[in-house]
Peer 1: 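Structure below; questions to follow.
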There are 2 protein chains.
Amino acid sequence: MNLGFQDYISIKLHKTDLNLTNEIKSRLEPYNLAPEQNLIMMLLWEEDGLTQNQLAQKLNKDKTNVARMASNLEKKGFITRSLSIEDRRSLKLYLTEEGKQLGEKVIPIAEEFNDVVCNGITNEELMELERILNKMNKNVDQPK
Amino acid sequence: MNLGFQDYISIKLHKTDLNLTNEIKSRLEPYNLAPEQNLIMMLLWEEDGLTQNQLAQKLNKDKTNVARMASNLEKKGFITRSLSIEDRRSLKLYLTEEGKQLGEKVIPIAEEFNDVVCNGITNEELMELERILNKMNKNVDQPK
DNA sequence: CCTATATAGTTGCTACACCAACTTTTTCCA
DNA sequence: TGGAAAAAGTTGGTGTAGCAACTATATAGG
């Protein structure tokens, strides 16, 4: 076969991902929010009071990462963590007033970023892209 | 607009990238090679004697990462680093015998991985995917 | 019931990823 | 030609990312 470095689709994907991550990182910097911390906040803005475990599943991440990111968000004052009453093993994350207000500034930034990324790309292309990404995910079978 | 968490294309891309990275990571583990270290090796297997700076450009990465990865590869015995004669600021990386032999085992792994990722995906789809990724890269304008 | 197992979270470890600040050469031009 | 600016690497700092091993709680079966 003999593929060259440029021929690996995973490498191209990886580069694009890094590119996008860098861009959103710089856009969020003024708000003292790192990209992955923002993902947690986005989920909390949609539904307050999620546990770390629920977040880990939605984000598809190792629970250790979520724990550390949540800890950082708590230090920054955007959320509080309290033991769940139903299950005292788990921590529920709640937005602080500051965290709620942050959403009003940051959500528009995220939507604007999405617009920029999708500029000149049709809906059909986006759906095609999703379809292909899903195929790849299934192919490597890390079950989400 | 009010996008939900699931609607951001960059998030989907990111998840797929992490998925693929995890898979190749576990495949390379038996060879004592981390995914990004492997990218450096792939470039050296194509062309021995590249400088760290050249690698950083090809990989689209910060020079600090390349420096540390190269240092790790040196510790593992896969490469040596020597000052360039033409420009004594730069370090050239050369494969050791062990590094060369590693390629004969790892390149097939990488190609097999690529096959798995692309399973059930047509060439047209791959080209479409690349086209869209390129658009996104241009849109965020990190000039590659 | 009460131990075996599972689950939520934390800590320690390695590997990216980028920035800022620094050293050492090189280059450029006034 | 000599000093400013640029370029290649390194170091230190923060923020992911996943694994292994650990604590604490919850659940299930004998």
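Order of the sequence lines sets the chain letters (A, B, ...), proteins ahead of strands, with each chain counted from 1.
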Peer 1: Taking for each residue the nucleotide of DNA chain D bearing the nearest heavy atom, is the 5' side occupied by B/L18 or by A/K63?
Peer 2: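 Going by which nucleotide is closer to the 5' end, it is B/L18.
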Peer 1: What about A/R68: does its side chain form a donor-acceptor pair under 3.5 Å with the base of C/dG12?
Peer 2: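 Check passes, donor-acceptor contact within cut-off.
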Peer 1: Quick check: on DNA chain C, is the nucleotide nearest B/T64 upstream (toward 5') of the one nearest B/K76, or the reverse? Name the residue that is more 5'.
Peer 2: B/K76
Peer 1: May I have the distance from B/L83 (atom CG) to D/dA7 (atom C1'), rounded to whole angstrom?
Peer 2: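 In whole Å, D/dA7 C1' lies 15 Å from B/L83 CG.
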Peer 1: When the distance from CG of B/L28 to P of C/dT14 is rounded to whole Å, what number comes out?
Peer 2: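 My rounded result for the distance is 19 Å.
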Peer 1: Check if the side chain of A/R89 and the base of C/dT7 share a donor-acceptor pair of N or O atoms closer than 3.5 Å.
Peer 2: yes
Peer 1: Would you say A/D48's side chain and A/L95's backbone share a donor-acceptor pair under 3.5 angstrom?
Peer 2: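 Checked: pair present.
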Peer 1: Please state how far atom CD in B/E74 lies from atom C1' in D/dG9, giving the value in whole angstrom units.
Peer 2: 13 Å
Peer 1: Might you confirm whether atom NZ of B/K61 has over 12 heavy atoms from other residues, nucleotides or ligands at distances under 6.0 Å?
Peer 2: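 It does: B/K61 NZ has more than 12 such atoms within range.
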Peer 1: Can you tell me the distance, in whole Å, between the CG atom of A/L93 and the P atom of C/dA8?
Peer 2: 14 Å
Peer 1: Using OP1 and OP2 only, check whether a side-chain N or O of B/H14 sits under 4.0 Å from D/dA17.
Peer 2: yes
Peer 1: With a 3.5 Å cut-off and just heavy-atom distances, do the side chain of A/R88 and the base of C/dG9 make a donor-acceptor pair?
Peer 2: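 No.
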Peer 1: State plainly whether the residues B/E125 and A/K135 are in salt-bridge range, i.e. N to O under 4.0 Å.
Peer 2: yes
Peer 1: Please classify the nucleic acid contact of A/D62 as base, sugar-phosphate, or nothing, using heavy-atom distances under 4.0 Å.
Peer 2: base
Peer 1: Using a cut-off of less than 4.0 Å, is there contact between a side-chain N or O of A/Q54 and OP1 or OP2 of C/dA8?
Peer 2: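 A/Q54 to C/dA8 OP1/OP2: no side-chain N or O under 4.0 Å.
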Peer 1: By the 4.0 Å heavy-atom rule, please label B/S90 as base, sugar-phosphate, or nothing.
Peer 2: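 Contact class for B/S90: sugar-phosphate only.
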Peer 1: Between A/M69 and B/N53, name the one whose nearest nucleotide on DNA chain D is closer to the 5' end.
Peer 2: B/N53
Peer 1: Nearest whole angstrom, please: distance from the C1' of C/dT25 to the CG of B/D87.
Peer 2: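 In whole Å, C/dT25 C1' and B/D87 CG are 7 Å from each other.
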Peer 1: When you match B/S84 and B/K61 each to their closest nucleotide on DNA chain C, which lands nearer the 5' end?
Peer 2: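 So the residue in question is B/K61.
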Peer 1: Donor-acceptor pair, distance only, cut-off 3.5 Å: does the side chain of B/E29 make one with the backbone of B/S26?
Peer 2: no
Peer 1: Touch check for B/T51, heavy atoms < 4.0 angstrom, all strands: base, sugar-phosphate only, or nothing?
Peer 2: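 The residue B/T51 makes sugar-phosphate contact but no base contact.
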Peer 1: So does B/A34 get a backbone contact from the side chain of B/Q37, meaning a donor-acceptor N/O pair under 3.5 Å?
Peer 2: yes
Peer 1: Assign A/N65 to base, sugar-phosphate, or nothing according to its heavy-atom contacts below 4.0 angstrom with the strands shown.
Peer 2: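 If one applies the 4.0 Å heavy-atom cut-off, A/N65 turns out to touch a base.
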